[in-house]
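In the text below, chain A, chain B and the rest are named by the order of the sequence lines, each starting its count at 1.
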Amino acid sequence: AKKADTYEIALVTDVGNIDDKSFNQGAWEGVKEYAEKNKKTYNYYRPSEDSTEARVETIKQAIDKGAKVVVCPGYLFEDAIYEVQDQYADVQFLLLDGEPHTADYSVYKTADNTHNILYKEEQAGYLAGYAAVKEGYRSLGFLGGMAVPAVIRYGYGFVQGANDAAKELGVEGDVSIKYWYCGGFAPSDDIKTKMSGWYTAGTEVVFSCGGGIYLSCTAAAEAAGAKVIGVDVDQSAESATIITSAMKELANSVVLALTDLYANGGKWPADLGGKTSVLGAVEGCVGLPTATWSMKNFTVDEYKTLFEKVKNGEISISNSTDAAPAVAITVDYQE
Amino acid sequence: MKNYFKSKGFITVLASVISIVVGLLIGFILLIVFNPAYAVGGLGSIVSKGFSSSDKFAKVLYQAAPLIMTGLSVGFAFKTGLFNIGATGQYTVGAFMALVFGIQFQLPWWVCLLAAMLGGAIWGFIPGICKALFNVNEVITSIMFNWLGLFMVNLLLNNMPVMLADHWGASNKDRTAALASANPSAIIPKLGLNELFHSNYMNISIFIAIIIAVVIYIILEKRTFGYELKACGFNKDASIYAGINAKRNIVLSMVISGALAGIGGGIYYLSGTAQYTIVKSLLAMGFNGIPVALLGASSPIGIIFAALFISYIQVGGEALQPEYAKEIIDIIIAVIIYLSAFSLLVKNILGKFIKTDTSNVNAEDKAPAPPEPAPVKATEVGSTEEKGGNE
Amino acid sequence: MSDYVIEMLNITKRFPGIVANDNITLQLKKGEVHALLGENGAGKSTLMSVLFGLYQPEEGCIKKNGEVVKINDPNDANALHIGMVHQHFKLVECFSVLDNIILGVEPNKMGFLQKKEARAKVLELSEKYGLKVDPDALIEDISVGMQQRVEILKMLYRENEILIFDEPTAVLTPQEIDELMEIMRGFKAEGKSILFITHKLNEIMAVADRCTVLRKGKYMGTVNVADTTKEELSKMMVGRNVNFKVDKCDCKPGETVFKAEHVTVPSKLHKKNAVNDVSFEVRAGEIVCLAGIEGNGQTEFVQGITGLTKMSSGRIELLGKDITNATIREKSIMGISHIPEDRHKHGLVLDYSLEQNLVLQQYWEPQFQHNGFIKQQAVREYAEKLIDQFDVRSGQGPITIARSMSGGNQQKAIIAREISKDPKLLIAVQPTRGLDVGAIEYIHKQLVKERDEGKAVLLVSLELDEVMNVSDRILVMYEGEIVGEFDPKTVTVQELGLYMAGAKRQDGHDGKKEEA
Amino acid sequence: MSFSSILADIIGATILFAVPLLLVALGGMFSERSGVINIALEGIMIVGALCSCLTLVGLDKAGFGATHPQLGMFIAILVAAASGAVFSLLLAFASINLRADQTIGGTALNMLAPAFAIVLTWAVQGQGQTTILIPTWTRITQENFGIEKADTFFQNLIFKSFYLTTIVAVILFICAYVLMYKTRFGLRLRSCGEHPQAADSVGINVFKMRYAGVIISGCLGGIGGLAFTVAAGSGFQSSVAGYGFLALAVMIFGNWKPFTILGASLFFALFKIIGSYSDSIPFLPSFKNVNSSEYIYLMLPYVVTMIVLILTSKHSRAPKAEGIPYDKGTR
Ligand SMILES: Nc1ncnc2c1ncn2[C@@H]1O[C@H](COP(=O)(O)OP(=O)(O)OP(=O)(O)O)[C@@H](O)[C@H]1O
Ligand SMILES: Nc1ncnc2c1ncn2[C@@H]1O[C@H](COP(=O)(O)OP(=O)(O)OP(=O)(O)O)[C@@H](O)[C@H]1O
Ligand SMILES: [Mg+2]
Ligand SMILES: [Mg+2]
């Protein structure tokens with residue numbers, strides 16, 4: 001019987017599992033893709049509870065099991081990485097969607113063996129919101145998971161996009177958005193009921209933004225014959241109700257980062273170590289899927305034009321998570 | 001006489017040990033089924049990980065403290081004839097109160113802990129009063145109060161901006177503020193134990209829990225109050241006949257039971273590691289009190305060991321990763337609890353092998369020894385109907 | 001063909017630690033009433049349960065009409081036409097009478113109940129044997145006597161020929177007992193054979209043809225009832241002479257200890273008051289007996305004055321002090337002791353040990369606790385003293401769990417506890433129910449002793465023998481009111497019976513008794 | 001949007017969520033009426049849902065489901081019933097044969113089921129794949145009947161959330177009632193929960209009846225697990241969100257009687273969903289100035305139930321012998 005196997009690339013999940021259709025899954029797919037292609041051993045670990053202490057403990061466990069690279073998806077790891085990055089100077093850390101700092105936010109520090117990646121979710125959300133209104137939908141919905149920064153950026157971007165499109169079409173008065181955080185990343189019967197209520201009350205399309213909650217949303221949409229916008233990855237295969245998806249290239253960015261890392265002999269190169277990359281339209285890391293395009297009124301060409309404008313900064317999108325964007329359309333923030 | 005007690009206690013412990021050993025064996029079989037290559041190492045880590053290093057042991061103690069409290073909560077109610085399935089709700093409300101006093105009011109940890117106790121007590125009080133005055137089954141009320149507690153706490157937290165992490169500089173508002181940034185004095189003192197154990201998990205909460213368990217033991221076994229409470233649990237009519245205020249005692253039992261669970265919630269969140277997350281599912285820690293109480297045969301001292309044991313093998317179970325799903329340990333625990341249900345049988349069998357000393361004082365025709373009562377008596381779920389009670 | 005319908009030969013049945021039946025032989029002739037007599041725990045119920053298939057004997061065999069039969073369960077017994085009325089009725093309380101009767105032998109079509117047929121048959125049987133019941137009434141709503149009729153109908157419905165009655169009269173009123181005797185005679189006339197367990201020798205003398213006596217699980221012999229006397233039977237049973245007459249000197253009543261004025265208690269069952277405007281007093285050194293047929297308010301009266309239920313109006317006094325609104329605990333402190341009617345429900349915490357039960361009324365006294373801590377040693381010593389003094393027998397002495405004690409000894413423990421409290425007023429409700437003659441004799445002695453020590457004793461009893469023997473003054477209760485007051489030395493049982501049945505009523509006992 | 005379609009929606013959703021509560025509470029009723037307290041309902045639901053969802057996925061993969069959707073669903077229901085029954089045997093064995101404390105056995109099973117479900121889901125679907133997705137063909141739609149889709153009240157009422165489990169629940173409810181009150185079996189079962197010694201003395205095998213009660217509760221609980229999972233509509237994730245415990249409350253609220261249980265489950269389901277519609281129903285307050293006002297609606301059913309229970313507790317009545325292991329020896 002084997003006792004001690006080692007795994008060189010380790011992923012530690014935040015909350016939820018690697019099939020959460022969100023951070024964990026995206027990062028895991030990246031790890032898997034890179035490791036299998038490059039014959040590295042890899043595995044993943046789940047902390048015992050939702051606390052920094054448990055995340056630190058699990059990172060240590062992964063290192064004990066031979067991890068040279070630890071991938072940590074989610075801002076929840078900020079404190080934990082801060083704690084371990086100096087303790088384990090030989091181990092390389094990849095933090096997605098956050099930057100290490102102390103528990104009381106007084107000190108921010110990214111050590112040389114850590115690389116952070118942030119995404120411009122607001123751009124993806126903007127594109128989706130814009131597309132939905134252009135496509136002809138007037139009664140929209142935003143279903144967020146928890147009110148965490150990434151989700152808020154998606155949501156506020158979505159609102160801004162819808163607003164701009166409405167302005168262009170001169171229909172600000174007609175467009176309305178129901179806006180709600182369901183308080184979790186897992187699907188539940190409550191979410192489904194709530195979405196049924198929305199659809200019955202006239203909502204045409206809901207941007208379902210966060211982990212597995214899209215399952216509840218598509219279930220309601222299927223029954224009501226309504227539509228859904230997916231998130232993070234191209235979800236059009238998951239359900240016929242999904243008209244498009246606000247994507248961010250999680251898996252891809254992990255693969256690219258790992259490639260750079262190993263190209264530099266297993267250490268972060270100087271331009272990544274201790275640094276934070278913010279990936280958006282410029283890096284080609286956000287967008288709508290053109291290969292599975294299903295919208296009729298809003299065409300791929302129109303989309304490409306819009307994307308260029310976002311990319312070159314002609315359209316500026318606020319990435320603030322503090323206050324809701326000021327818009328002309330009606331947004332019903334339900335809490 | 002003393003011998004008799006000794007051997008009876010010995011058989012009880014032996015029966016538990018047998019349940020545990022058989023449970024582990026079944027766990028080993030599971031490990032073999034799922035991944036034979038690592039089974040031996042896996043079993044090894046289950047049984048030894050908790051002692052393998054000081055920080056792992058600290059984790060055992062850290063998890064055990066709230067488990068002892070919820071176990072005591074359930075066990076105490078059992079002893080007084082009530083089934084408090086509502087420890088989860090009381091735990092949640094206790095946690096909430098502790099955090100409010102810590103974050104909103106900026107008070108020191110021991111005040112917060114008292115507040116937690118109060119919160120749990122209130123959440124036990126209502127089902128208690130419904131049972132005592134209106135004869136509403138405490139099982140149904142406490143199930144409902146689990147949800148009510150959860151929803152109420154979430155509702156309040158969402159309307160108390162100061163409580164949430166984003167108010168204290170964090171970027172998220174799905175959870176309460178980290179005590180480290182909001183109010184370090186609300187964190188249960190570590191007294192240098194964290195250095196000693198090389199683990200931030202370590203603080204004095206395990207000692208608090210053990211002291212409370214001993215206090216509960218003394219109340220139940222040595223004090224007239226405990227005598228009254230147990231009498232009410234066993235036979236309400238007889239205790240009324242004996243001049244005991246049974247209604248008051250039912251309420252008090254639930255209040256104490258709730259307070260214990262509330263302290264559990266306080267201890268867990270005041271350790272400063274976990275932040276309360278606003279989710280819509282009931283907290284498992286409260287439910288885990290039930291198996292702890294059962295394994296500990298509802299005795300406060302037994303509960304200490306049961307909680308330590310369950311926490312210990314949970315830590316071992318974490319270490320099964322990544323070769324196994326850590327949920328396997330839950331299966332093993334469930335099997336152990338299930339087997340402990342057989343303790344009656346095991347004890348009878350053992351009783352035949354180990355002759356108990358039944359030195360009769362004045363035997364009535366050598367009357368037989370009474371059958372060993374099942375670990376938990378008087379768990380009449382659902383019997384709302386009550387006879388003879390005066391209105 | 002054998003003379004006997006049923007023979008139980010050399011039956012031995014053991015329970016853990018005890019031989020309940022030790023080589024017992026019992027032979028039942030066709031068409032006879034065969035009594036089975038023995039102290040509590042002698043093994044009577046066990047022997048009958050063996051015959052009815054509830055227990056399997058370790059040794060011995062059972063023959064029906066000379067042929068060996070195997071009775072594995074009640075179904076086998078039923079097939080052999082053996083039926084049993086159990087000591088503790090086996091009726092489902094929330095079922096109707098009809099459902100209870102047909103349970104186990106339900107007429108059905110493909111599993112669906114056919115209650116019409118059943119109802120017709122039950123009504124016919126009830127007509128034929130004069131066992132009046134309402135098939136649709138719920139068991140919990142009908143009287144004990146009616147419940148017993150249901151049990152008997154159960155046997156008849158199954159067309160049983162061998163009828164076992166286990167202590168059927170313990171719970172019946174004198175009138176109901178007479179009725180039952182009549183019914184048994186009727187069965188006998190029809191050729192049915194009856195096994196009849198009772199502790200009451202009068203009943204044996206009245207209906208039985210033969211009587212088998214057991215003692216401590218052993219067979220003592222079988223006698224023809226016509227050739228024997230009550231004294232002989234009781235000697236066979238307990239191994240010594242039993243004194244049926246309670247020895248006591250004349251009572252010398254002292255000051256008034258207890259006074260009830262216009263006590264009224266509402267009924268839980270119906271709208272009428274269970275106790276209506278009852279007034280009387282009990283003086284030191286006398287035993288006052290509340291006599292009456294069950295269900296005429298005695299239970300409610302005692303529960304009302306002890307505080308187990310609330311009185312709706314009226315006033316009670318103890319030694320001149322108003323205790324109407326005192327709590328149970330306060331009454332206990334002031335000197336009321338109460339031997340409750342239902343020892344399992346009120347009298348004992350069955351899961352507590354004997355010693356814990358012995359201090360149930362006093363654990364809070366300084367004698368047994370200090371600053372809220374129970375003085376275990378003091379409790380133990382006190383318990384040992386009482387156990388010794390009252391001869392309470394149990395497996396492990398003070399630490400025996402009360403549940404495992406026999407009924408008689410449980411009762412002794414309660415009596416020990418209540419008497420040792422040194423009360424001013426001792427309320428004893430049916431203190432000898434279901435006990436054997438030896439135990440009864442002992443308890444009666446204790447009551448008289450208390451009286452002689454100057455205590456006031458209020459005895460509630462359904463047993464006319466007890467009423468006549470023990471009391472110094474008899475109050476008859478009928479429909480919640482006191483309808484007569486008697487001196488046991490001058491009144492006859494017949495006379496009492498008339499008052500108890502409501503046929504007569506004394507002047508001045510019309511519910512508005514004078515204050516003096 | 002019209003009021004009629006919202007009304008149709010609310011009624012439809014109420015029925016959808018009442019079905020699992022009804023089934024499971026009826027199951028609990030059978031078990032408790034036979035004398036065995038069944039707090040393992042939650043665990044039984046999980047196991048039933050697990051096995052039936054795996055079956056559905058299997059049928060889907062085999063292509064059978066898409067061609068015979070309702071037959072596939074029927075098979076899944078049978079699997080749910082069978083697996084629930086098998087799992088409930090563990091409870092039966094411990095509490096009937098071994099006369100163990102019934103809450104211990106139940107608690108153990110409640111712990112065992114989700115852990116077992118996770119481990120098995122992974123064993124079948126691959127490490128980390130916690131969700132078992134339910135194929136879309138399980139829902140009964142207009143197409144199944146060849147009806148043109150239209151926005152009418154009845155179509156909205158029926159076809160938005162219509163599953164075979166609903167039909168099965170109606171049938172099972174009727175069966176449960178008849179079985180309980182009109183058959184020999186029911187009479188005997190009830191007698192075992194009230195007075196097992198009495199049942200034994202008339203030759204009824206108490207052990208067998210209690211086994212029957214527990215197994216029936218296993219069947220109904222298992223189907224209830226599947227019904228919940230299809231109603232929740234987001235696949236199976238080793239959990240039934242506390243519905244087993246809720247069903248326990250429904251059963252007690254329903255006083256261990258079929259019709260009142262039906263009423264109680266509809267009541268719970270209605271209050272469960274009503275909050276989700278608060279923003280579309282004009283006369284419901286929407287608590288605009290309160291954050292997360294949804295929680296107020298979520299709390300409502302419990303508060304109302306508490307009040308109802310306090311008012312009706314006098315009439316509540318549990319089977320007398322439930323929870324007490326039957327021992328021939330005790331008298
Ligand atoms: N189920 C049992 N388990 C163990 N011992 C038992 C059991 N039933 C009876 N016994 C024992 O058998 C003895 C005979 O009991 P049984 O009930 O037959 O007495 P009995 O003659 O009917 O007494 P009573 O007059 O009080 O009814 C009891 O003293 C008891 O010790
Ligand atoms: N389930 C049991 N297990 C072991 N012993 C028992 C059990 N039930 C009864 N006993 C024993 O039976 C003895 C007598 O019990 P039993 O109930 O027959 O007394 P009893 O005198 O017949 O009471 P009663 O007069 O109230 O009927 C006790 O000494 C007790 O030890
Ligand atoms: Mg007896
Ligand atoms: Mg008997």
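Your options are D:Val119, D:Leu109, D:Asn110, D:Ile296, and the one with the most heavy-atom pairs under 4.5 Å with chain B is D:Val119. For the set B:Phe287, B:Trp147, B:Tyr324, the count of heavy-atom pairs under 4.5 angstrom toward chain D peaks at B:Trp147. The candidate with the highest count of non-hydrogen atom pairs below 4.5 Å against chain D, out of B:Leu148, B:Asn146, B:Asp330, is B:Leu148.
Between B:Ser142 and B:Phe83, the shortest heavy-atom contact is OG-O, 4.2 Å.
Neither the backbone nor the side chain of B:Leu282 comes within contact range of chain D; no heavy atom of the residue lies under 4.5 Å from a heavy atom of that chain. For a residue to count as touching a neighbouring chain, one of its non-hydrogen atoms must lie under 4.5 Å from one of that chain's; by this rule D:Ile118 touches chain B with the side chain only. For a residue to count as touching a neighbouring chain, one of its non-hydrogen atoms must lie under 4.5 Å from one of that chain's; by this rule B:Leu30 does not touch chain D. When heavy atoms are compared at a cutoff of 4.5 Å, B:Tyr338 approaches chain D by way of both its backbone and its side chain. In this structure, the portion of D:Ala241 lying under 4.5 Å from any heavy atom of chain B is its backbone and not its side chain. Within the 4.5 angstrom heavy-atom criterion, no atom of B:Ser281 approaches chain D.
The aromatic rings of D:Tyr302 and B:Phe151 are tilted relative to each other, their planes meeting at an angle between 30° and 60°.
Aromatic pair D:Tyr211/D:Phe207: ring centres not closer than 6.0 Å.
Applying the 6.0 Å contact sphere to CZ of D:Phe116 captures no more than 12 heavy atoms from other residues, nucleotides or ligands.
For the 3.5 Å distance criterion, the side chains of D:Trp256 and D:Glu32 qualify, holding a donor opposite an acceptor. Looking only at atom types and distance, the side chain of B:Asn154 has a donor-acceptor partner in the side chain of B:Tyr276 under 3.5 Å away.
A distance of 9.5 Å separates CZ of D:Arg190 from CE of D:Met29, quoted to the nearest 0.5 Å.
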